[in-house]
Amino acid sequence: MWRYVISGFRSMVEYYVYTDDERYAIAGCILLDKVADVYPDYDVTKVSLNYYQSHGSKFSGKILGSIAEEDTCEHLLRAYDAFYEAFDNPKVVEFLSAKAAEQGLANPKTNGNLIRENVENGLV
């Protein structure tokens, strides 16, 4: 599953950088924020043993395993960098603040800075 998520981020970044079409940045910001919500609690050992080669039999890492995790994080952080300004987009703020209120999240995500803070705390 994560292979498709990361591939999607790479595509959105490329499309956004080359076309400046805000639709890619809006979708990318929303998805990146969601990944930041779930990433800290993710534990590869509770999900699958399919990544045995990916963590050097140490059972460490979050999404894929400690060895492959670096590549995953690199793509997520590149997306964060590419979409950085778009976190202030009213469509992003409106959607994510409504979801934060609906889910009772501690971070209300009512502005771009709070959304960036969530991504930084959850991923960086």
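Note that these values count all heavy atoms, side chains included, but never hydrogens, waters or copies made by symmetry.
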**Q** Could you tell me if the side chain of Val35 sits less than 4.5 Å from the side chain of Phe9, heavy atoms only?
**A** yes
**Q** Under the side chain to side chain donor-acceptor pair (under 3.5 Å) rule, collect the residues that match up with Asn89, sequence neighbours excluded.
**A** Glu22
**Q** Give me the atom names and distance for the closest heavy-atom approach of Pro108 to Ala106.
**A** CD-O, 3.3 Å
**Q** Can you measure from SG (Cys29) to CD (Glu85) and round to the nearest 0.5 angstrom?
**A**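 It comes to 10.0 Å.
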**Q** Is the shortest side-chain heavy-atom distance between Cys73 and Leu123 below 4.5 Å?
**A**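 The answer is no; the side chains never approach within 4.5 Å.
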**Q** Under the ring pair (Phe, Tyr, Trp, His ring centres under 6.0 Å) rule, collect the residues that match up with Phe95, sequence neighbours excluded.
**A** none
**Q** With a 4.5 Å cut-off on side-chain heavy-atom distances among I, L, V, M, F, W and Y, is there a chain of contacts connecting Val119 to Leu114?
**A**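 No, it is not one cluster - the side chains of Val119 and Leu114 are not joined through contacts under 4.5 Å.
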**Q** With the side chain counted from C-beta on, respond yes when Met12 and Phe83 share a heavy-atom pair under 4.5 Å apart, and no when they do not.
**A**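 Answer yes - side chains close enough.
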**Q** Regarding Asn118 and Asp37, is there a side-chain donor-to-acceptor distance under 3.5 Å anywhere?
**A** yes
**Q** Excluding sequence neighbours, so at least two apart, what forms ring pair (Phe, Tyr, Trp, His ring centres under 6.0 Å) with Tyr80?
**A**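 Expected list: Tyr84, Phe87.
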**Q** Closest heavy-atom contact between Val13 and Ala79?
**A** CG2-CA, 3.5 Å
**Q** Between Lys109 and Asp33, is there a side-chain heavy-atom distance shorter than 4.5 Å?
**A**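 In short, these two side chains touch, coming nearer than 4.5 Å.
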**Q** Tell me, do Asp88 and Ile115 make a side-chain contact under 4.5 Å, heavy atoms counted?
**A**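 The answer is no, as the side chains (C-beta and beyond) never meet within the 4.5 Å cut-off.
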**Q** Please find the pair of heavy atoms, one from Ala25 and one from Tyr16, that lie closest to each other, and give the distance.
**A** CB-CE1, 3.5 Å
**Q** Test question: given the 4.5 Å side-chain rule for I, L, V, M, F, W and Y, name all other residues clustered with Leu77, or answer none.
**A**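 In the cluster with Leu77 are Val124.
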**Q** Within the 4.5 Å heavy-atom criterion, are Val5 and Leu31 side-chain neighbours or not?
**A**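 With C-beta onward as the side chain, the pair stays apart.
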**Q** What distance do His75 atom NE2 and Ile6 atom CD1 have between them, rounded to the nearest 0.5 Å?
**A** 7.0 Å
**Q** Residues two or more places apart in sequence or in another chain: which of them pass salt bridge (Lys or Arg N to Asp or Glu O under 4.0 Å) with Arg10?
**A**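 For Arg10 there are no salt bridge (Lys or Arg N to Asp or Glu O under 4.0 Å) partners, ignoring immediate neighbours.
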**Q** Check whether any side-chain N or O of Asp21 sits under 3.5 Å from a backbone N or O of Tyr24 as a donor-acceptor pair, and report yes or no.
**A**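 The answer is no, because no donor-acceptor pair under 3.5 Å joins these two groups.
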**Q** Can you give each donor-acceptor pair under 3.5 Å made by side-chain atoms of residues 96-103, sequence neighbours left out, with the distance rounded to 0.1 Å?
**A**
| residue | atom | partner | partner atom | Å |
| --- | --- | --- | --- | --- |
| Ser97 | OG | Val93 | O | 2.8 |
| Ser97 | OG | Glu94 | O | 3.2 |

**Q** Starting from the C-alpha separation in whole Å, work towards a yes-or-no answer on salt bridge (charged side-chain N to carboxylate O under 4.0 Å, His left out) for Arg116 and Glu120.
**A** CA-CA 6 Å; Arg116 281 187 284 270; Glu120 290 172 9; 5.8 Å; no
